[in-house]
Each structure stands twice: as structure tokens, then as C-alpha cells.
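One structure is given here, and the rest of the page talks about it.
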Amino acid sequence: MSKIIDASGLSCPQPVLMTLDAIKSGSDGELEVIVDNEASRENVVRAAESKGWNIFDIKENDDNTHIFIRKE
């Protein structure tokens, strides 16, 4: 089961910092990060990949983007 980080409504750098905190805390290997703007999406993806995590899915709806990342 993945940990969910709801960063919708927040502007950068908050979504990135929340994601990096979850990565540092030793999450169970999967995270779902929810953001609501393109800049946060790009920055979260870049930050996760820089820490060795892989983006395995991105789902968009009308209001939010769900970024699914996994440590491999």
C-alpha cells in the first residue's frame, strides 16, 4: 500500500519538500503524490528521480495530478 501525500493547493517548494520528507522517512517503497499545478508536477518528478525513485504512473483528472513513485 502506498503512502499518500496530498499537496494539492500548495505551491512549490512545499510539494517537493513533502515528497522528500516522505522519501527520507523510509516509506514502504511506494508514494502517491497529489498536486494541482504543472510546476509542482515537474518539480516533484525531478526531485523523486534525483533520489533514485522511479515514476511508474501519472494520472490526471480535472483538478489534480496523481504521481505514483516507487523505490526500486
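We're numbering straight along the sequence, starting at 1. Heavy atoms only: backbone and side chains are in, while hydrogens, waters and symmetry mates are out.
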At their closest point, which heavy atom of [X] faces which heavy atom of [Y], and how far apart are they?
| X | Y | answer |
| --- | --- | --- |
| E30 | W53 | N-CZ3, 4.2 Å |
| S2 | L31 | CB-N, 4.1 Å |
| G52 | K71 | O-NZ, 3.7 Å |

[atom2] on [Y] to [atom1] on [X], rounded to 0.5 Å:
| X | Y | atom1 | atom2 | value |
| --- | --- | --- | --- | --- |
| K24 | L17 | NZ | CG | 8.0 Å |
| I34 | L10 | CD1 | CG | 11.5 Å |
| Q14 | N43 | CD | CG | 12.5 Å |

Here the side-chain hydrogen bond (donor to acceptor under 3.5 Å, both in side chains) pairs for residues 54-65, sequence neighbours left out, are R41-E60
Residues passing the side-chain hydrogen bond (donor to acceptor under 3.5 Å, both in side chains) test with T19, sequence neighbours excluded, are none
Side chain to side chain contact (heavy atoms under 4.5 Å, CB included) filter on I55, not counting sequence neighbours, yields V45, A48, E49, I58, I67, I69
| message | Quick check: is L20 connected to M18 through a chain of hydrophobic side chains (ILVMFWY, heavy atoms under 4.5 Å apart)? | response | yes
